[in-house]
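Values in this document were obtained by computation on a predicted structure and should not be read as measured data.
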Amino acid sequence: MGLLDFLKDAGKDLFGGRKGNEADEIKKEIERALGSNVSGLGVRYDNGRVTLQGSAKSVAAKEKAALIAGNVKGVSHVDDDGLQVSGAQTAGTTQTAGATTGSRYYTIKSGDTLSKISKEMYGDPNDYNKIFEANREVIGDPDKIYPGQQIRIPA
């Protein structure tokens with residue numbers, strides 16, 4: 001995936017105005033959400049830019065780790081090139097510039113609901129649960145999404 005851009009002033013407030021422990025807080029949040037799906041996780045934070053290192057069990061886990069880090073208030077960029085996918089699930093499921101495979105990213109806009117996004121992406125508003133399940137670690141509650149939040153749209 002590489003470098004992902006996020007809205008710096010949107011997202012979960014992990015830092016609570018405290019400075020100096022940003023990398024540790026982001027690491028704890030990723031490990032809490034993904035558990036054993038990531039290992040050897042290293043997180044660096046520098047003025048809104050997060051760099052991830054370590055190993056993810058799947059492409060989906062790697063994507064989720066990047067989204068969890070990026071959907072934190074104060075984070076503007078996430079570089080996940082150092083987070084390697086291990087195991088059998090290394091087949092690409094990411095959409096990057098010029099290459100389309102399984103998953104895409106979507107930035108939530110004012111007025112969006114998962115049903116509305118589902119209708120736009122799949123043609124059926126009732127497929128919203130597919131989006132929710134792919135983003136359970138990022139969203140938490142399908143009724144609590146916010147403008148600027150980035151999510152995965154599975155194929």
Side-chain angles (χ1 to χ4, degrees), residues 1-87 89-90 92-97 102-118 121 128-154:
M1 287 185 311
L3 186 65
L4 297 171
D5 294 324
F6 294 85
L7 293 178
K8 191 172 187 172
D9 295 328
K12 189 173 186 178
D13 186 6
L14 290 182
F15 312 140
R18 297 180 310 275
K19 300 281 184 190
N21 66 339
E22 294 92 347
D24 290 337
E25 293 299 322
I26 292 169
K27 180 180 179 179
K28 286 180 199 171
E29 186 71 8
I30 293 170
E31 289 176 335
R32 181 198 60 75
L34 298 178
S36 65
N37 288 308
V38 292
S39 60
L41 183 62
V43 177
R44 286 195 330 248
Y45 178 91
D46 183 26
N47 198 29
R49 184 183 182 116
V50 173
T51 304
L52 301 176
Q53 296 179 336
S55 180
K57 284 189 176 178
S58 66
V59 173
K62 178 177 178 171
E63 292 173 348
K64 289 177 183 184
L67 288 174
I68 291 166
N71 285 312
V72 169
K73 190 173 187 175
V75 173
S76 58
H77 306 288
V78 175
D79 182 350
D80 68 350
D81 282 342
L83 188 58
Q84 303 301 311
V85 176
S86 62
Q89 292 187 336
T90 57
T93 60
T94 308
Q95 181 175 353
T96 56
S103 292
R104 297 176 279 176
Y105 291 107
Y106 180 85
T107 302
I108 295 172
K109 300 178 289 288
S110 182
D112 275 347
T113 64
L114 292 185
S115 292
K116 182 177 176 183
I117 296 166
S118 176
M121 296 295 167
Y128 75 91
N129 203 45
K130 185 186 301 186
I131 296 171
F132 175 65
E133 289 301 327
N135 293 281
R136 184 176 285 279
E137 296 85 357
V138 177
I139 295 175
D141 182 333
D143 294 324
K144 294 184 180 176
I145 59 176
Y146 56 87
Q149 185 178 28
Q150 281 197 40
I151 58 174
R152 296 172 58 237
I153 305 296

Step through the shown structure and confirm whether more than 12 heavy atoms of other residues, nucleotides or ligands are within 6.0 Å of CG on Asp141.
-> yes
In sequence, state the C-alpha distance, the side-chain angles, and the governing distance for Leu114 and Asn135, and then conclude on side chain to side chain contact (heavy atoms under 4.5 Å, CB included).
-> CA-CA 11 Å; Leu114 292 185; Asn135 293 281; over 6 Å; no
Could you go through the side chain to side chain contact (heavy atoms under 4.5 Å, CB included) check for Lys57 and Ser36 one step at a time?
-> CA-CA 8 Å; Lys57 284 189 176 178; Ser36 65; 3.7 Å; yes
Closest approach of Val43 to Ile26 (non-hydrogen atoms, all atoms of both residues) = CG1-CG2, 4.0 Å
Intermediate values then yes/no, side chain to side chain contact (heavy atoms under 4.5 Å, CB included), Leu83 and Leu41 | CA-CA 8 Å; Leu83 188 58; Leu41 183 62; 4.3 Å; yes
Nearest heavy-atom pair of Val85 and Val59: which atoms, and what distance?
-> CG1-N, 3.8 Å
Do side-chain atoms of Glu137 reach the backbone of Ala134 as a donor and acceptor pair under 3.5 angstrom?
-> no
Between Arg49 and Leu3, is a side chain to side chain contact (heavy atoms under 4.5 Å, CB included) present by the stated rule, with each step listed?
-> CA-CA 10 Å; Arg49 184 183 182 116; Leu3 186 65; 3.7 Å; yes
Got a second to check how far Thr107's OG1 is from Leu4's CG, nearest 0.5 Å?
-> 9.5 Å
Decide yes or no for Pro154 and Lys130: does some side-chain heavy atom of the first lie under 4.5 Å from some side-chain heavy atom of the second?
-> yes
Closest heavy-atom pair and its distance - Ser76, Lys8 | CB-CB, 4.0 Å
From Glu22 CD over to Leu14 CG, what is the distance, rounded to the nearest 0.5 angstrom?
-> 10.0 Å
Taking all heavy atoms of Ala56 and all of Lys62, pick out the closest pair and write down the distance.
-> CB-N, 3.8 Å
Around atom OH of Tyr45, are there more than 12 heavy atoms of other residues, nucleotides or ligands at under 6.0 Å?
-> yes
Just jot down the side chain to side chain donor-acceptor pair (under 3.5 Å) partners of Lys109, sequence neighbours excluded, or say none.
-> Tyr106
Between CD1 of Ile68 and NZ of Lys27, what distance do you get to the nearest 0.5 Å?
-> 14.5 Å
Distance-minimising heavy-atom pair for Val75 and Phe6 = O-CB, 3.8 Å
Once you round to the nearest 0.5 Å, how far does OG of Ser86 lie from CG of Asn37?
-> 9.5 Å
In short, Asp13 meets Lys73 closest at the heavy-atom pair CA-CB, 4.1 Å
Considering only heavy atoms from C-beta outward, does the side chain of Ile117 approach that of Ile108 to under 4.5 Å?
-> yes
Using ring-ring contact (aromatic ring centres under 6.0 Å, His included) as the criterion, list what pairs up with Phe132, not counting sequence neighbours.
-> none
Atom CD1 of Ile145 and atom CG of Asn71: how far apart are they, to the nearest 0.5 Å?
-> 11.5 Å
dist Tyr105:OH -> Leu67:CG (nearest 0.5 Å) comes out at 5.0 Å
Kindly say whether Pro147 contributes a backbone atom to a donor-acceptor pair with the side chain of Gln149 at under 3.5 angstrom?
-> no
